[in-house]
Each structure stands twice: as structure tokens, then as C-alpha cells.
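Notes for the one structure printed next.
We use all heavy atoms of the structure for the numbers below, so side chains are in, but hydrogens, waters and symmetry mates are not. Whatever order the structure lists ligands and atoms in, that order sets their numbers, starting from 1.
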Amino acid sequence: MTEDVLVVHGGTPLQGQIRVRGAKNLVSKAMVAALLGESPSRLFDVPRIRDVEVVSGLLELHGVKVSAGAEDGELVMDPTNVESASTDEINVHAGSSRIPILLCGPLLHRLGHAFIPDLGGCHIGPRPIDFHIGALREFGAVVDKTPEGMHLSAPNGLHGAKLELPYPSVGATEQVLLTAVRAEGVTELRNAAIEPEIIDLICILQKMGAIIKVHTDRVIEIQGVPRLYGYEHKPIPDRIEAASWAAAALATRGEIEVLGARQQDMMTFLNVYRSIGGELKITDDRVARAGVAGSEGGIKFWHPGGELKAVALETDVHPGFMTDWQQPLVVALTQARGISIMHETVYEQRLGYTEALNSMGATIQVYRDCLGGTPCRFGRRNFMHSAVIAGPSKLHAADLRIPDLRAGFAHLIAALAAEGTSRVYGVNLIKRGYEDFEAKLAALGAHVERL
Ligand code: EPU
């Protein structure tokens, strides 16, 4: 078997224009939501990424017809004839993604039973599913965990419940939404996640016929309805991909315009970008249309020359600084003058990639303490979850192995910023979340080649 290796000749500023499509962390959930409808759904601007393939496969196994629509990136999902699939067929997707856990509610509503394979996703901590299972049981589901996967049934149907999450988990909030919309009665969810991708999922469910109120203070109330229909939806753009390219512009002292990036989903990132010395210009869709026919808005990010400034940051749930923005930005922070701090409060083990940056000449030390901000859940639990980055450091080429999706993109940025030729191993992992990243790198003038 050939290794998937990208040879990166670094040291050239990335320059040009690329486009982001629908957010990976919304599109896959929107596809699961289609299973709840009694008529076909159409999703636009769907990126060609691995999670979309996995969810398409799982939907098809359950009788949903998934086909390409007339427009580039349009996906049509017809759930008129939902049917059971065998555990063997489903298990083909074991370990490939975390999305299958979200099929529980929709399959219980459509079939009365569900089988969920072992989950995959990035190794960034233990990633338990206790909130999901706890909530499903409150709805009345019977959950049986076996070595081959998880079997669920709902002998007495699913009923609305009063729930409170111990932490505002994105996945568990989606689990509750996708289950409560067709459960009998009212569900009240406290301490819910309110990420823009969740609000977009709520918009989709409302288009399908659901009744969902988002109250203040992270409270979501869902009135169950007996039936839902298909939707047509253009997803929110991928704000993680947009920020990743923004960080690449800074780390390589370049200039990248990210078409499709939207200010309102990225305000926290944009503030940080400016505070460390990055420049940006936002063009709204309406303004873009008034200028060049057919053009769309976006955000241009660039390094203005001179030195970047150090910053103390912590990752948090929305509207805080996203955990998925952390890794690419840390690469840029290796180029800032002074001591930067990154306190990771969402995942307990998401700083392992800093070792690779150190092997390239960065000076990053990781600590168990909660540095630079308020104490978090991990402070007393012995996790290396704060990083101190001393800069600026001249990065040099190295051979790197990609550990997970976001850290992988950070490795890639580091290799592009470093002088010399690096080999990045396991680069196909990046395809899980970054559509056509090699074509985009080429468009930005990067010198990369497959081994
Ligand atoms: N958690 C629990 N128990 C649960 C669920 C979560 O303890 O049952 C904990 C997690 O271990 C973690 C925290 O709660 O410490 C937050 O996890 P969350 O459930 O919010 O994460 P997720 O839904 O599994 C999604 C994204 C992640 C993103 C996080 C946080 C998808 C497919 N994944 O994960 O994206 O980092 O929300 O915003 O939407 C990525 O795109 O690379 C990625 C990892």
C-alpha cells in the first residue's frame, strides 16, 4: 500500500482566493435530519468530504435515496421508503465518523429500533457519549451497548423530557433536537450548546415543520410534532475551514481571500486575528454583487508585514473562541513576539500536536494548570491542556505525521511556513474536513507534491 505523503517545499507566502462551502459540522447533521422527513430534502453547497460520504452510505443502507442535484454541491435525499439495515452492513462504517450516534432518534422514530456502529472521529480526548445515552433514556429509549455496537429500541415510543446537560455539548444538543422534534409532548433542554451550526440545524428542522424555541440562557424548548417534511437549505459556511486558511495566511506572511466566509459566525476569531496584528477585510454578499456580476462576499486575511503580537486565549463554547480554531492559530502564534498562552477548555487532550511544532523549531511548553484564564473542568484532572508559546521562532522543515484533522491542518501550515522541504505523512486525513485542499493549496501558489 502506498503511503499518503505530501511533500511541502515551504517558505512561500500563500496568496490568492479560495472558497469555502457548507460547514462540515452542519452538513452531516442536516443529512441526518433528512431522515426525519416524509418527503425529499435538498441540501446545497455540500462539500466533497469524507463525513458526507459516510452519512450518505448510512442513509442509503436505511433506504434513503441519496443523489446529486442539478447544481454543483446539491444533494437530494429521498426518505420515502426508510427500511432496516443489517448490523453487518452498518458496521462497514464503524470507526469512520462520530455522526452515526445522531441517527438514534431519527431511526427510532422511523423504524422503532436502531443499531449504531462504533464511533470514529479525531483522537482528541476520551470523547464519551454519556450525555447522549442519558438523554435518549430520558426520552424512553432502551439502550443496549454490546461489543459490536449499540442497539436501541423504543417499546413505548419516545416522549418529551426535561433535560439538563452537564456541559453544553454540541453533539448531545443535536441528539436532543433530532429526537425531541418528533417525540410526544414538550422537551426542555437546559445548558444547551448554541453554536451557529446548531442554530442552522434548528432552522432546517423548523423548515421541516418542527416547533423549536431558543430561549435566553441556553434553554431550548421543543414541541414534538407527529410528522415532518423535506427541506431546502443552504448551510452556513464552514467557519473552521475559513479560520484555518486565515491562520495559514498569517503563518506564511501571505494574503488569502476566503470567499463564502461570513463575519457573523467568526466575530470572536476576527477580533483575535486583529489583536495579534493580522489584517482583514470583510465583503458582504450584497456589496460583492453590486460590484462584479456573480461574485460573492467573503473575508480577505493578510499579514501586513512587521511582527505579530502575542496573546492570551482560551477556547470555549460559543460565543467563545472555538476549540477547532486553536491548532491552526497556534502555528501563527509561533511567529508572534512574546509569550502567548492557549488554554484549551473544551477537549482535555488537544495540544499533543505542539510536539511536532517544537521539532520544527517552535518553543511551546504544555502545562496541566489552567493558565491565562478562568479555571476549567480539566484543571484538577491532570490533563496537559494549557500551552505557552514563546516567539517568534524560525520554523525549519521536518517529517511530520498527521494525528487528527485540525492538528493535521496545523502541521500542514507549519510545513508551508517553514524553510525547506517537509514530508507530511497521513495527509489524506485532512480530506475529512477540508474539501479539495490540495487544489486550494495549488491555487494559493503553494509548492507541494504527492510522493
Ligand atoms: N462530552 C461528554 N459527554 C458526551 C458528549 C460530550 O463528556 O456525551 C464532552 C466531550 O468529551 C468534550 C465536550 O463535551 O470534552 C464537548 O464535546 P461536544 O459534544 O461539544 O463535541 P462533539 O459534538 O463531539 C463537535 C464537532 C467538533 C468540535 C466540537 C466542539 C462535529 C462532528 N464535531 O464535536 O469538531 O470540536 O463539537 O465545538 O460537529 C472537528 O471538526 O474537527 C471537530 C472535532
Side-chain angles (χ1 to χ4, degrees), residues 20 22-33 47 49-52 54-55 96-104 116 119-138 143 145 150 163-178 189 191-201 218 235-236 238-244 265 268-269 315-328 344-351 353 376-379 381 383 385 402-410 429-435:
V20 291
K24 158 184 165 285
N25 290 348
L26 177 275
V27 163
S28 46
K29 288 81 179 266
M31 293 173 70
V32 175
I49 52 173
R50 178 91 184 103
D51 268 5
V52 169
V54 172
V55 184
S96 53
S97 162
R98 298 191 66 73
I99 309 300
I101 184 85
L102 296 178
L103 289 165
C104 295
I116 307 300
L119 302 181
C122 292
H123 302 292
I124 48 181
R127 305 191 83 178
I129 51 167
D130 50 336
F131 305 167
H132 295 250
I133 293 176
L136 287 161
R137 287 190 169 136
E138 292 288 328
V143 185
K145 286 209 239 166
M150 202 163 78
L163 305 162
E164 177 157 6
L165 294 177
Y167 181 81
S169 149
V170 169
T173 301
E174 292 159 344
Q175 181 77 265
V176 170
L177 286 167
L178 291 163
L189 178 64
N191 206 22
I194 48 161
E195 268 60 12
E197 291 78 10
I198 297 221
I199 303 300
D200 211 34
L201 179 62
R218 300 188 174 278
I236 64 160
D238 200 309
R239 63 196 176 117
I240 307 179
E241 183 180 354
S244 303
D265 314 318
T268 306
F269 180 85
T315 63
D316 206 346
V317 294
H318 189 75
F321 189 87
M322 284 186 94
T323 170
D324 307 282
W325 290 333
Q326 181 258 102
Q327 307 79 342
E344 168 61 58
T345 79
V346 180
Y347 289 108
E348 50 275 66
Q349 287 169 32
R350 222 177 180 182
L351 293 173
Y353 71 94
C376 77
R377 303 173 287 153
F378 308 136
R381 289 173 52 207
F383 291 114
H385 71 294
I402 283 185
D404 65 68
L405 177 60
R406 306 302 168 191
F409 200 83
L429 201 56
I430 294 181
K431 291 184 183 164
R432 266 200 54 225
Y434 296 86
E435 182 186 42

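Ligand 1 has an N or O atom lying under 3.5 Å from an N or O atom of Pro128, backbone or side chain. On a distance-only criterion, Phe131 and ligand 1 share at least one N/O pair closer than 3.5 Å. For ligand 1, the polar-atom distance check against Tyr167 finds no nitrogen or oxygen pair separated by under 3.5 Å. Remark: ligand 1 and Val170 share an N or O pair separated by less than 3.5 Å (distance only, no angle test). The shortest N or O to N or O distance between Asp324 and ligand 1 is below 3.5 Å. Between Tyr347 and ligand 1, an N or O atom pair is found at a separation short of 3.5 Å. In terms of polar-atom proximity, Glu174 is not counted as a contact of ligand 1, lacking any N or O under 3.5 Å from an N or O of the ligand.
Atom CD1 in Ile198 sits 6.5 Å away from atom CG in Leu177 (nearest 0.5 Å). Residue Leu178 holds its CG atom at 5.5 Å from CG of Leu201, rounded to the nearest 0.5 Å. Between the CZ atom of Arg377 and the CD atom of Glu348 there is a distance of 6.5 Å, given to the nearest 0.5 Å. In this structure, CD1 on Ile133 lies 4.5 Å from CE on Met150, to the nearest 0.5 angstrom.
Taking 4.0 Å as the cut-off, Ile99 counts as a neighbour of ligand 1 on heavy-atom distance. Residue contact check for ligand 1: Glu195 places no non-hydrogen atom closer than 4.0 Å to it. Under a 4.0 angstrom heavy-atom cut-off, Arg350 registers as being in contact with ligand 1. Between Met322 and ligand 1 there is no heavy-atom distance shorter than 4.0 Å.
In this structure, the side chain to side chain donor-acceptor pair (under 3.5 Å) partners of Glu174, at least two apart in sequence or on a different chain, are Lys29. Ser244 meets the side chain to side chain donor-acceptor pair (under 3.5 Å) test with Tyr434; sequence neighbours excluded.
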**OP:** Could you walk me through whether Arg239 and Asp324 pass the side chain to side chain contact (heavy atoms under 4.5 Å, CB included) test, one step at a time?
**Re:** CA-CA 10 Å; Arg239 63 196 176 117; Asp324 307 282; over 6 Å; no

**OP:** Apply side chain to side chain contact (heavy atoms under 4.5 Å, CB included) to Ile129 and Arg98, showing your working.
**Re:** CA-CA 10 Å; Ile129 51 167; Arg98 298 191 66 73; 3.8 Å; yes

**OP:** Applying side chain to side chain contact (heavy atoms under 4.5 Å, CB included), run through Cys104 and Gln175 and close with a yes or a no.
**Re:** CA-CA 8 Å; Cys104 295; Gln175 181 77 265; 3.7 Å; yes

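The aromatic rings of Phe269 and Phe321 lie parallel to each other, their planes meeting at an angle below 30°, with 60° marking the opposite boundary.
Close approach of ligand 1 to Lys24 is summarised as follows: ligand atoms under 4.0 Å from at least one heavy atom of the residue are 40 (C), 41 (O). Within the listing of ligand 1, atoms 8 (O) sit less than 4.0 angstrom from a heavy atom of His132. Atoms of ligand 1 found under 4.0 Å from any heavy atom of Val346, numbered from 1 in the order shown, are 12 (C), 13 (C), 15 (O), 16 (C). Atoms of ligand 1 found under 4.0 Å from any heavy atom of Gly171, numbered from 1 in the order shown, are 19 (O), 23 (O). Contact atoms of ligand 1 toward Arg98: 24 (O) (distance under 4.0 Å to a heavy atom of the residue). Atoms of ligand 1 found under 4.0 Å from any heavy atom of Arg377 (numbered from 1 in listed order, with element): 15 (O). The Thr323 neighbourhood of ligand 1 comprises atoms 30 (C), 36 (O), with distances under 4.0 Å to a heavy atom of that residue. Counting the atoms of ligand 1 from 1 in the order shown, those under 4.0 Å from a heavy atom of Leu405 are 42 (O).
With Asp130, Asp238, Asn25 as candidates, the residue nearest to atom 3 (N) of ligand 1 on a non-hydrogen basis is Asp130. Of the candidates Glu197, Gln349, Lys29, Gln326, it is Lys29 that places a heavy atom closest to atom 39 (O) of ligand 1.
The two residues Glu197 and Asn25 make their nearest non-hydrogen contact at CB-O, 3.9 Å. Here the closest non-hydrogen pair linking Ala135 and Val176 is CB-CG2, 3.9 Å.
When each of Val317, Asp265, Leu26, Asp200 is checked for a side chain to side chain contact (heavy atoms under 4.5 Å, CB included) with Glu195, only Val317 meets the rule.
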